[in-house]
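Notes follow the structure.
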Amino acid sequence: MSCEKAPEFHPAYPVEVTFERMLDLDHAATTPLCDAARAAMDPFLTANAESRYGNPSGTHLLARDAVRALDEARETVAAAVGARPSEVVFTSGGTEADNHAITGGMPPRSAPAICSAVEHHAVLDPTLLLGGSTTPVDRLGRVLTDELAARLADRRAQGIVTGVVSVMTANNELGTVNSLEPVAAVIRQEAPDALLHTDAVQAAAWLSLPRHVAAADLVSVSAHKIGGPKGVGALIVRDPVKLAPLLLGGSQERGRRGGTNNVAGIVGFAAAFSATVSDLESNSAKVSTMRNQLADELVSSVDGVRETVGPDVAQSLGLRSGRGHLLAGHCHLLVDGVGSEELLLLLEGRGVCASAASSCASGALGASHVLEAVGAVPQGAAALRLTLGPELDSDDLRRITGAFSDAVGRARSQL
Ligand code: PLP
């Protein structure tokens, strides 16, 4: 986005600062469509002699061309996640993939799910709606495996079968990464019939999924968090897991999802995933270095600012990895003496887009269940999520630091 003068967003905070371009520090909400995805999608979207607009459910030449495109995309997505092509079920995004994994399709599984207390609402809501429950996390947001084991054992003692255990690969608000092998070991011990689902929607941009999600039976991914288009994703359903379709009305996706495939979107998803995997190491190294600089600078240059799950919290739990427990782009801060909404508006007026929690449909800044679960509900403080992307540079970091200190000073002066 580019604009010459910031628009006025809120009468209480007249915007005085002009800026050349908005700095996007909300990459966890979404990412711009990458060039590779746009180029790959183009033939499927453009009406000309070369247009590839066929419906892959048909049998003629145009249809077979679309089937070929889907097959190629399926192979690419499978390789990026460490799965077989036959295990990929394309969906309308992360939300559908999560809903599908938790419900088990239509009709829903009778065995309830259990999920970590910091899951995205796409996992949490269907879990609770269908009579499931949550299991606690530590101060960083990592699932407590002893607590999970106790809950599964308790259910078993009561004769309750657990259908699925869902633990996200990395949290969308805090950026904290979970290790799935110990979770899988607990399931093998306490609920051997339960499936392990992981929401890898945020992790896909920064972690090598074949390594990080190998222990999971079901894996959710979403295109728009990795430079692909919105409204496309996938649920990996590992052989020999059987899953009823969530959407009925067609035999697409080997009977696991009815409905005509979003061919252009899927092709863009695959191209974006491939580019993400190619650049994963260099982007992670670059962005985590910038994130570390930014976090250090913001905490040291402005009083009353602390990292919610930073190195000091990690150290208090015996970790010596600095910010090694976090995704590369995440920096979550608590800012004393400021309201979240005011701070976001003041930052926006200074050309910086950020978030207070996960973006929700209404844009409202409700209390975050994630901060509650990690015991970090801000009292008289703003919660601020900054999520960086690889297009930022050191000049941008300087601008962000300036905007942040200015915005915090302005908000505090108005209290
Ligand atoms: N899961 C996580 C962890 C997310 O961060 C999001 C999006 O914010 C979703 C699921 C939902 O994905 P989508 O926007 O593709 O429906």
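Both counts, for ligands and for their atoms, begin at 1 and track the order of listing.
- In summary, the atoms of ligand 1 found under 4.0 Å from a heavy atom of T95, numbered by their order in the structure, are 11 (C), 12 (O), 13 (P), 16 (O).
- Close contacts between ligand 1 and N172 involve ligand atoms 3 (C), 5 (O) [criterion: under 4.0 Å to a heavy atom].
- Per-residue contacts place D98 under 4.0 angstrom from the following atoms of ligand 1 (heavy atoms of the residue considered): 1 (N), 10 (C).
- If you number the atoms of ligand 1 from 1 as listed, the ones under 4.0 Å from a heavy atom of S222 come out as 13 (P), 15 (O).
- For D396, the salt bridge (Lys or Arg N to Asp or Glu O under 4.0 Å) partners are R21, not counting sequence neighbours.
- Of all the atoms in ligand 1, the ones that sit under 4.0 Å from a non-hydrogen atom of Q202 are 3 (C), 4 (C), 5 (O).
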Starting from the C-alpha separation in whole Å, work towards a yes-or-no answer on salt bridge (Lys or Arg N to Asp or Glu O under 4.0 Å) for R385 and D26. CA-CA 8 Å; R385 181 186 75 176; D26 200 13; 3.0 Å; yes

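- Close N/O approach between A170 and ligand 1 is not found [any backbone or side-chain N/O within under 3.5 Å].
- Within ligand 1, the atoms closer than 4.0 Å to a non-hydrogen atom of G93 are 15 (O), numbered from 1 in the order shown.
- Only the side chain of K225 comes within 4.0 Å of ligand 1, judged by heavy-atom distances.
- For T46 and D42, the side-chain atoms include at least one donor-acceptor pair closer than 3.5 Å.
- Looking only at side-chain heavy atoms (C-beta outward), N262 and F269 stay at 4.5 Å or farther from each other.
- Taking D312 as the reference, nothing meets the salt bridge (Lys or Arg N to Asp or Glu O under 4.0 Å) condition, with sequence neighbours excluded.
- Judged by distance alone, the side chains of T30 and H224 do bring a donor and an acceptor atom under 3.5 Å apart.
- Neither the backbone nor the side chain of V123 has a heavy atom within less than 4.0 Å of ligand 1.
- Residues D296 and R323 are paired through a salt bridge, judged by an N-O separation under 4.0 Å between the basic side chain and the carboxylate.
- Only the side chain of H224 comes within contact range of ligand 1, with a heavy atom under 4.0 Å; no backbone atom does.
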